Amino acid sequence: QVQLVESGGGLVQPGGSLRPSCAASGTIFMIYTMRWYRQAPGKQREQGATITRSGSTDYTDSVQGRFTISRDDTKNTVYLQMNSLKPEDTAIYYCNADLQPVWPSNSANYWGQGTQVTVSS
């Protein structure tokens with residue numbers, strides 16, 4: 001019953017900004033760690049940003065200083081503010097979360113379907 005749904009991707013010019021979001025639906029007891037991954041054409045999926053339950057964040061070097069991950073636990077939603085976008089940021093961005101549903105009451109890892117981000121002039 002738990003699902004992660006991304007939205008907010010699209011086409012943007014180099015140097016522009018985008019703020020995709022990922023909302024977790026279903027009856028959830030607690031969301032622990034939330035992450036944004038991305039997969040560029042012809043490349044393997046890579047982890048871009050992570051945020052823990054306590055709010056600690058971590059970024060891969062290629063997005064450090066340009067991207068900001070945040071979460072709103074009242075909405076079960078994670079955001080990715082992307083600034084100074086480059087053509088090499090073009091990828092499908094996937095939401096990922098470690099969370100515990102009300103039932104079954106065990107923590108598990110979930111993936112969203114992804115949202116396309118294209119940076120091009």
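Remember, predicted model here, so these are calculated numbers, not experimental data. Along the sequence shown, residues are numbered consecutively beginning with 1.
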More than 12 heavy atoms of other groups within 6.0 Å of Gln3 CD: no
Excluding sequence neighbours, so at least two apart, what forms salt bridge (charged side-chain N to carboxylate O under 4.0 Å, His left out) with Glu46?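 In terms of salt bridge (charged side-chain N to carboxylate O under 4.0 Å, His left out), with neighbours along the sequence ignored, Glu46 is linked to Arg38.
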Just to verify, what does Arg66 make a salt bridge (charged side-chain N to carboxylate O under 4.0 Å, His left out) with, not counting sequence neighbours?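 Salt bridge (charged side-chain N to carboxylate O under 4.0 Å, His left out) list for Arg66, sorted by chain: Asp89.
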For [X], what residues pass the side-chain contact (heavy atoms from CB on, under 4.5 Å) criterion, not counting sequence neighbours?
{"X": "Asp98", "answer": "Tyr32, Thr33, Arg35, Asn109"}
{"X": "Ser56", "answer": "Thr52, Ser54"}
{"X": "Gln116", "answer": "Thr90, Ile92, Thr118"}
{"X": "Ser70", "answer": "Arg19, Tyr79"}

Please identify each residue that fulfils side chain to side chain donor-acceptor pair (under 3.5 Å) with Thr77, with sequence neighbours left out.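 Counting only residues at least two positions away or on another chain, Thr77 forms no side chain to side chain donor-acceptor pair (under 3.5 Å).
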Looking at residues at least two apart in the chain, or sitting in another chain, which of them share a side chain to side chain donor-acceptor pair (under 3.5 Å) with Arg53?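 Testing Arg53 for side chain to side chain donor-acceptor pair (under 3.5 Å), a comparison that skips the adjacent residues, returns Asp73.
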Glu6 (side chain) donor-acceptor with Gln113 (main chain) under 3.5 angstrom: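 Checking the backbone N and O of Gln113 against the side chain of Glu6, a donor-acceptor pair under 3.5 Å is found.
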Would you say Thr115's side chain and Gly9's backbone share a donor-acceptor pair under 3.5 angstrom?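 Side chain of Thr115 to backbone of Gly9, a donor-acceptor pair under 3.5 Å: yes, one is there.
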Does Pro20 reach the side chain of Ser7, with side-chain heavy atoms less than 4.5 Å apart?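 They are not in side-chain contact.
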Does the side chain of Gln13 reach to within under 4.5 Å of the side chain of Ser121, using non-hydrogen atoms?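 No; the side chains remain at least 4.5 Å from each other.
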Can you list everything that forms a ring-ring contact (aromatic ring centres under 6.0 Å, His included) with Trp111? Sequence neighbours excluded, please.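 Listed in chain order: Tyr37.
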Suppose the criterion is disulfide bond (SG atoms under 2.5 Å apart): which pairs have a residue in residues 54-121, not counting sequence neighbours?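 Non-adjacent pairs meeting disulfide bond (SG atoms under 2.5 Å apart): Cys22-Cys95.
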Does anything in residues 107-121 form a salt bridge (charged side-chain N to carboxylate O under 4.0 Å, His left out)? List the pairs, not counting sequence neighbours.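 Matches after skipping sequence neighbours: none remain.
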Whichever hydrophobic residues join Tyr93 through chains of side-chain contacts under 4.5 Å: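 Val2, Leu4, Val12, Leu18, Ile28, Ile31, Met34, Trp36, Ile51, Tyr59, Val63, Phe67, Ile69, Val78, Leu80, Met82, Leu85, Leu99, Tyr110, Val117, Val119, which link up through side-chain heavy atoms under 4.5 Å apart, make up the rest of the cluster.
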Least distance between heavy atoms, Gln81 atom then Ser17 atom: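 Here Gln81 and Ser17 meet closest at NE2-CB, 4.0 Å.
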